[in-house]
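Let me begin by presenting the structure, written as C-alpha cells, before commenting on it.
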Amino acid sequence: MVHLFRTSLGVMALAAAAFGPGGAAQAANGPFLAHQALYDLSLVKSRSNSVNSARGRILYNFTGSSCEGYTSEFRQVSELDSGEGKVTLSDLRSNSWEDATGKSYRFKIETRMNEADAGRVDGSAERDGDHINVKLKLPAPKSFTLDGKIVFPTEQIQRIIAAAKDGKSLLELSVYDGSDDGQKVYNTLTVIGQPIPADRATSTDPSTSDEHMKSLKRWPVTVSYFDRESQQKEGEQTPVYAMAFELYENGVSRQLVLDYNDFVISGAMGKFDVKDSKPCN
C-alpha cells in the first residue's frame, strides 16, 4: 500500500486543481479558477481485505495567471488501518510552479511515513525543442533528458479539458510530475464521458453551490496511470492506480474516486473558496 502515498503527486494533478492552459495552440477557453479546495478521504472498499479503514484530507491552494505561471501548494495527510494495530500515517507536501505554455516546471516534494525521516525531491524541468532537460537537487544531484512529447501536470489537465470540449472520449498522454525519486514517468489513459449540463440535478457540495460554478458544464473523467518503464520493458497493462472524477470546464474537480487496485478511496469536497486572481497587464 505504500504506492498510495508514493503516487499521490499524480493524484494532486487531478484532485483539485484549477490549472491553466498548457500551450497557446491548444488553450481551452478560460478563465481558469484560482481557489482553495479541501477534500475529505474515506474508504469505499477493500478488495483484498488489506485495509480495514482509511481517512485523511487533501488541501490544495492554486494561484497564478497565464502571464506569471501557476503555483500550487498541496498537502495530503492519510491514515490507513490494516488491522491488528497496524496503522500507516503519511504526510505528503508539495509545492510546484508551471509556466503557462508548458515549457518550465519546478517542484519540491516532501513525503513522511510514520516516524521515518522525510523523503525529499527538489528539481526542475525545462522543455527544449524535442526533449526535456531535468535537473534534480534532491534526493541526489542528477541531470537527464526526457522525450519532449511528455507533458507536465498543468498541461495534462488542459489537454483533458480541450479533448472533452472537442467531443473526444479517449486521450493518451505521458506525464512527468517529479514524484517518486524525481525520475518517474507515467503513461496515462483518460476516458471522458458525455458532458453533464449545468442545470442537471446532482448531489451537492461546496463547488456545485458556488456562484462561480453554477453555469458551468462538466465531464465524468477516469484517468488510469501506468508505469511507463514497466510498459516499455514488459508490456505491463495493469495501472498503478486510476482516478475518477467530474471535471468542470474551468479546471475544478469534484466527486473523486481513487482506485489503488487493492482498495478504493473517495474524496468528497468539504470546502471550496475562490481566490482573487490578478489579471495579466
Side-chain angles (χ1 to χ4, degrees), residues 1-19 35-62 72-83 85-96 109-116 118-119 153 156-157 177-180 186 188 202-210 213 218 220-225 239-248 251-273:
M1 10 179 223
V2 173
H3 63 263
L4 168 63
F5 311 112
R6 198 176 62 212
T7 59
S8 287
L9 189 63
V11 174
M12 174 202 71
L14 297 170
F19 284 114
H35 70 277
Q36 181 183 85
L38 177 69
Y39 297 83
D40 294 310
L41 307 178
S42 60
L43 182 68
V44 176
K45 60 182 174 181
S46 177
R47 296 191 178 99
S48 62
N49 295 320
S50 60
V51 177
N52 289 349
S53 65
R55 62 176 182 167
R57 282 185 168 182
I58 292 173
L59 179 62
Y60 191 89
N61 279 292
F62 168 83
S72 63
E73 299 175 351
F74 167 86
R75 186 177 185 186
Q76 178 179 329
V77 178
S78 305
E79 183 180 272
L80 294 183
D81 185 347
S82 54
K86 296 179 181 178
V87 177
T88 302
L89 179 64
S90 169
D91 188 347
L92 171 65
R93 306 177 190 215
S94 172
N95 288 275
S96 65
I109 307 158
E110 179 178 311
T111 308
R112 188 180 298 276
M113 299 283 289
N114 293 332
E115 300 301 320
Q156 179 191 14
I157 294 294
D177 60 19
S179 57
D180 286 316
Y186 288 103
T188 68
T202 184
S203 59
T204 59
D205 63 30
S207 69
T208 58
S209 58
D210 189 275
M213 311 296 292
R218 59 195 188 279
V221 173
T222 300
V223 185
S224 298
Y225 283 76
V240 177
Y241 67 92
M243 181 173 180
F245 53 99
E246 291 182 359
L247 178 63
Y248 281 96
V252 175
S253 296
R254 66 184 297 270
Q255 290 195 327
L256 317 180
V257 179
L258 316 178
D259 189 337
Y260 294 96
N261 297 318
D262 288 343
F263 56 96
V264 181
I265 288 179
S266 67
M269 184 180 286
K271 189 176 181 182
F272 180 78
D273 295 311

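All values below were derived from every heavy atom in this structure, side-chain atoms included, with hydrogens, water molecules and symmetry-related copies excluded. In this text the structure is predicted, and so the values were computed from the model without any measurement.
- Of the inter-residue distances, the one linking Arg254 atom CZ with Phe272 atom CZ reads 11.0 Å to the nearest 0.5 angstrom.
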**Report entry** Intermediate values then yes/no, side chain to side chain donor-acceptor pair (under 3.5 Å), Ser78 and Ser90
**Finding:** CA-CA 5 Å; Ser78 305; Ser90 169; 5.6 Å; no

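- When every heavy atom of Asp177 is checked against every heavy atom of Pro153, the shortest pair comes out as CB-CG, 3.6 Å.
- Taken to the nearest 0.5 Å, the CZ atom of Phe245 stands 12.5 Å off from the CD atom of Gln255.
- Here the straight-line distance linking atom CG of Leu247 with atom CD1 of Ile157 works out to 6.0 Å at 0.5 Å rounding.
- Smallest separation of non-hydrogen atoms from Val223 and Gln156: CG1-NE2, 4.1 Å.
- By the salt bridge (Lys or Arg N to Asp or Glu O under 4.0 Å) test, Asp210 pairs with no residue at all, sequence neighbours left out.
- Under the rule for a side-chain contact (heavy atoms from CB on, under 4.5 Å), the partners of Ala118 that lie at least two apart in sequence or sit in another chain are Glu110, Arg112, Arg120.
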Requested in this report: Apply the test side-chain contact (heavy atoms from CB on, under 4.5 Å) to residues Leu89 and Val77: give CA-CA distance (whole Å), side-chain angles for both, the deciding distance (0.1 Å), then the verdict.
Outcome: CA-CA 7 Å; Leu89 179 64; Val77 178; 4.1 Å; yes

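- In this structure, Leu38 CG and Asn61 CG are separated by 10.5 Å, a value rounded to the nearest 0.5 Å.
- Considering CZ of Arg93 and CD of Glu73, their distance stands at 11.5 Å, rounded to 0.5 Å.
- Across all their heavy atoms, Ser72 and Tyr60 have their closest contact at CB-OH, 2.7 Å.
- Of the possible donor and acceptor atoms, none in the side chain of Asp259 sits under 3.5 Å from a partner among the backbone N and O of Met243.
- Listed here is the closest heavy atom pair of Asn261 and Val240: ND2-O, 3.3 Å.
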Report task. Please report the C-alpha distance between Thr208 and Met213 in whole Å, then the side-chain angles of each, then the deciding distance to 0.1 Å, and finally whether the side-chain contact (heavy atoms from CB on, under 4.5 Å) criterion is met. Result -> CA-CA 6 Å; Thr208 58; Met213 311 296 292; over 6 Å; no

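- How far CG of Asn95 is from CZ of Phe74: 11.0 Å, rounded to the nearest 0.5 Å.
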Query raised in the report: So Val264 and Arg47, side-chain contact (heavy atoms from CB on, under 4.5 Å) or not? Walk me through it.
Result: CA-CA 8 Å; Val264 181; Arg47 296 191 178 99; 3.7 Å; yes

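- Closest heavy-atom contact between Gly267 and Leu41: CA-CD2, 3.8 Å.
- Aromatic ring orientation, Tyr186 versus Tyr241: perpendicular (interplanar angle above 60°, classes split at 30° and 60°).
- In terms of heavy atoms, Ile265 sits closest to Leu80 at CD1-CD2, 4.3 Å.
- Listed by first and then second residue, the salt bridge (Lys or Arg N to Asp or Glu O under 4.0 Å) pairs that reach into residues 50-61 are Asp40-Arg57, Arg55-Glu79, sequence neighbours excluded.
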